[in-house]
Amino acid sequence: MVTIPTVTLSDGTTFPELGFGTYKLRDAEGVDAIVSAIDSGYRLLDSAVNYENEAEVGEAVRRSGIRDELIVTTKVPGRDHGAQKTRRSAEASLQRLGLERIDLYLIHWPNPSQGAWLDTYREMLRLRDEGLVGSVGVSNFTAAMLTRLIDETGVAPVVNQVEMHPYFPQQSLREFHAAHGIRTESWSPLARRSELLGEQVVTDIAAAHGVTPTQAVLRWHTQLGSTPIPKSADPARQIENADVFGFTLAGDEVAALSGLERGRLWDGDPDTHEEM
Ligand SMILES: NC(=O)c1ccc[n+]([C@@H]2O[C@H](COP(=O)([O-])OP(=O)(O)OC[C@H]3O[C@@H](n4cnc5c(N)ncnc54)[C@H](OP(=O)(O)O)[C@@H]3O)[C@@H](O)[C@H]2O)c1
């Protein structure tokens, strides 16, 4: 089992430097894969209403026998924005998860044309005050949206989960996060296994440290202060992905990986891309 180091979020929560993505993990095999990830040492699980696997995540949490050590994340989908709908969405997520609390609750996408993310966020803060939610964060928010959120509510989200990998290192957003005590979480941290893992600079750096290309990339995330949430259905790859804290990339290696920057891979600009 791998021990994953932790950091402290702005609300005092102890938070892993690396977590587990669950998109596409469903049904009985999905539960098995999530249980295997927990057994490997993962303590942060990332789900969403739209992954249609909250029941599987809840089942895996119960099977693990260590519910109190886990941080279970789920997200408000676009169709549930607005105060009343957000409350109903949270209650439905809790029911599907079969848990008494959502440990980390995120707005999945801001969907600016709906104009409801502020009301959604305020309701999430109320749910937190009532104990149904542990920590409140967001996903796919821009610096301008975060600025407005903080100005209007006085409460910075504890995390902003965004697309991040060496093709899209998110430097300016990470600087904004650091200035406001917001932890970055990287979604699709391996760029969904695209050609990234075969890039010469990635394979050279991995070879220099005697690690795999995946491990070099995930270490890049953690050294930049972001929590990557790689998904793998395979127990051996789950361990490989978690076991990245026994080596340290040099500054020029981190910079070389960031030098692969070419922009978003999936047209997910939060100012225009919306998901319901
Ligand atoms: N907030 C958002 O809008 C948002 C958007 C996208 C994703 N997410 C979250 O982020 C998580 C991760 O992103 P992702 O699933 O899109 O992509 P990812 O974690 O970057 O890549 C997953 C892919 O890489 C493969 N893989 C994993 N470890 C590997 C290894 N060691 N060697 C070779 N291949 C490996 C997996 O295959 P195997 O399973 O076969 O190993 C899978 O095909 C998601 O599961 C989800 O929780 C959030």
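All residue numbers refer to positions in the sequence shown, counting from 1. In listed order, ligands and their atoms are each counted from 1.
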Only one of Lys75, Lys231, Lys24 clears salt bridge (charged side-chain N to carboxylate O under 4.0 Å, His left out) with Asp46; which?
Lys75

Which option wins on minimum heavy-atom distance to atom 17 (O) of ligand 1: Arg192, Glu185, His273?
Arg192

Side chain, backbone, both or neither: which applies to Ser47 and ligand 1 if a contact is any heavy-atom pair less than 4.0 Å apart?
neither

At under 4.0 Å between heavy atoms, what of Glu240 touches ligand 1? The answer is side chain

Heavy atoms of Ile4 and Gly41 approach each other most closely as CD1-O, 3.6 Å

Checking side-chain polar atoms at under 3.5 Å, does Gln171 have a donor or acceptor matched by the opposite partner on Glu175?
yes

Do me a favour and list the nearest non-hydrogen protein atom to atom 13 (O) of ligand 1 with residue, atom name and distance?
Ser188 N, 3.1 Å

Quick one: closest heavy-atom pair of Ala90 and Ile102, and the distance?
O-CD1, 4.0 Å

Closest protein heavy atom (residue, atom, distance) for atom 29 (C) of ligand 1:
Arg237 CD, 3.5 Å

for atom 24 (O) of ligand 1, nearest protein heavy atom and its distance come out as Arg193 CB, 3.7 Å

Give the residue and atom name of whichever protein heavy atom lies nearest to atom 20 (O) of ligand 1, and the separation in Å to one decimal.
Leu190 N, 2.8 Å

Within a distance under 4.0 Å of any heavy atom of Asp46, pick out the atoms of ligand 1 and give their elements.
9 (C), 46 (C), 47 (O)

Please check if the distance between the ring centroids of Phe141 and Trp117 is under 6.0 Å.
yes

Regarding ligand 1, does Tyr23 bring an N or O atom to under 3.5 Å of one of the ligand's N or O atoms?
yes

Before accepting this row, confirm whether a basic side-chain N of the pair Arg237/Glu240 lies closer than 4.0 Å to the acidic partner's carboxylate O.
no

I'd like to know whether ligand 1 has Phe20 as a neighbour, heavy-atom separation below 4.0 Å.
no

Testing the 3.5 Å rule here: is there a donor-acceptor pair between the side chains of His108 and Asn50?
no

